[in-house]
Amino acid sequence: MVNLAFGKQTTQGLPGVIDLLFFGRLGDLAGEVDRSVSCIESRATPLAIREWLALDHQSLAKELCEPQVLVSVNKMIVKWDQPLFDGDEVAFLPPVTGG
Amino acid sequence: MVNLAFGKQTTQGLPGVIDLLFFGRLGDLAGEVDRSVSCIESRATPLAIREWLALDHQSLAKELCEPQVLVSVNKMIVKWDQPLFDGDEVAFLPPVTGG
Amino acid sequence: MTDLVCVQTDDFDLAGEYRRLRDISSRVGAVVTFCGLVRDFESSASDIDPDAPINNLTLQHYPGMTEALLADIIAQAKTRWTLYGVTVIHRIGTLAPNDQIVFVGVATEHRKQAFDAAQFLMDYLKTQATFWKKVTADGKEQWLDTKGSDNDAVAEWGKSRDD
Amino acid sequence: MTDLVCVQTDDFDLAGEYRRLRDISSRVGAVVTFCGLVRDFESSASDIDPDAPINNLTLQHYPGMTEALLADIIAQAKTRWTLYGVTVIHRIGTLAPNDQIVFVGVATEHRKQAFDAAQFLMDYLKTQATFWKKVTADGKEQWLDTKGSDNDAVAEWGKSRDD
């Protein structure tokens, strides 16, 4: 569990827990596939999480910026500025290679 | 075994035996799938055989005139004026419907 | 022997045919199979009520010529695609609804080759191999006609040589 | 229940899957199956010698999302073709050369529907379902990239709505 502070914005609303999933090569770069983060402000988005990850995981954040990497919230593909709420499951999805 | 006389032309060369095969609906119209005919002249062709068949088997001959009906000699598709020789196998092939 | 052509009265076994194709080469990454079955209706027979249940189909062929034509169809497919193995089996005689009629299987490196080649083989088999089908239904029997859609399918292959 | 979607570590049995599809309706006249196998080489991994023998593949997926995406791909296929039954099975975990990876099977009245739908399902599965593949060979391991040809195949379906 990691405390997640998004810049210097004031906390609005309740804090929450967000589950982050990293698939494929992203899991190797993150060092783990599944990671829970505590979110201490209400304006979290996948984009903000990516920026926060860049602080400690530069190679991961660089890969997350690749245009083919998609993000989903609760198993639906979303835009990177989708607002997040307590309990959301955010997955970072590199290009798929099944079959 | 049927004696086969093609019109009134003079016999040239040796007589021979030709095997006629009728597939699909042609076999029903011919009354049999396989039929040997003695050929008493050398200028036999599938076309001449068709004309000869018209004497006794009008509905068969009419069906043989359908443009989709193909003729083969010794299992190779040929033109209707292909010369025939002793021992040839002539097959009349309606449109195929396998698979 | 990577290709197999059979015209037979006996039924065939998909699992065994698949196993043969799968094991032909360690480079095989795709196996496509097609099985044609006797349906319980036949809408293309003009003399027979299209809703009448089929009693059976009778398949006739021209022994010797059919096998040569099927081998030639496979050879044509191999000029278009790299095929590690091909199987074509066609049954003859009298068949009942749900019976298997025809099997085509293709083993290749990549899936598009296998799909395209299997479809090509079926399209050509339908329109060029010397089989004839008689349907018995509704107290009547009738030899079937070639479908226009089958001739159209072969004409499409004539236009495209891409793979 | 005429459609079946499974993501599983266990192997699958082509014969059983075919039997299910064949018996779904007496109107079924065509069953097309596709099996994808682990090849013993991988030419698309930039870090790995394309001639190096593959040790294994590891397949990862996103549980829950994958099954929903596969069901959606089947639903899309059903807007294009009349399909009596569809099966999609995809294995996950560690697989060795010659192992089965993926099965797609389609049962229809006529062959063109079955061929087209099976190819459509595979093209979409390859590019839209949340699976990731890591290859181990030559003492190295590498997550694979999507192939350009797979994206092209899906783009083609976007252009054509004929069946």
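Protein chains get the first letters and strands the later ones, always in sequence-line order, with residue 1 at the start of each. This one's a predicted model, so the numbers in the text were calculated from it and none came from an experiment.
- For chain A, the nearby part of D/T127 is the backbone; its heavy atoms alone come within less than 4.5 Å.
- Within residues 101-111 of chain D, the residues having any heavy atom under 4.5 Å from a heavy atom of chain A are, by residue number, D/I101, D/V102.
- Taking 4.5 Å as the heavy-atom cut-off, the residues of residues 91-99 of chain A that approach chain D are A/A91, A/L93, A/P94, A/P95, A/V96, A/T97, A/G98, A/G99, ordered by number.
- Chain D is approached within less than 4.5 Å, heavy atom to heavy atom, by no residue from residues 63-70 of chain A.
- Looking at every heavy atom in both residues, A/S72 comes nearest to D/Y62 through OG-CE1, 3.7 Å.
- Annotation: side chain of D/M65 is not in contact with side chain of A/F23 (no heavy-atom distance under 4.5 Å).
- Residue with the most contacts toward chain A among D/D145, D/T130, D/L57: D/D145 (heavy-atom pairs, distance under 4.5 Å).
- Under a cut-off of 6.0 angstrom, the local environment of NZ in D/K78 is crowded, with over 12 non-hydrogen atoms contributed by other residues, nucleotides or ligands.
- Within residues 133-142 of chain D, the residues having any heavy atom closer than 4.5 Å to a heavy atom of chain A are D/K133, listed by residue number.
- Residue D/Q8 qualifies as enclosed at atom CD: its count of foreign heavy atoms under 6.0 Å is above 12.
- At a 4.5 Å heavy-atom cutoff, the contact between D/A129 and chain A is made by backbone atoms alone.
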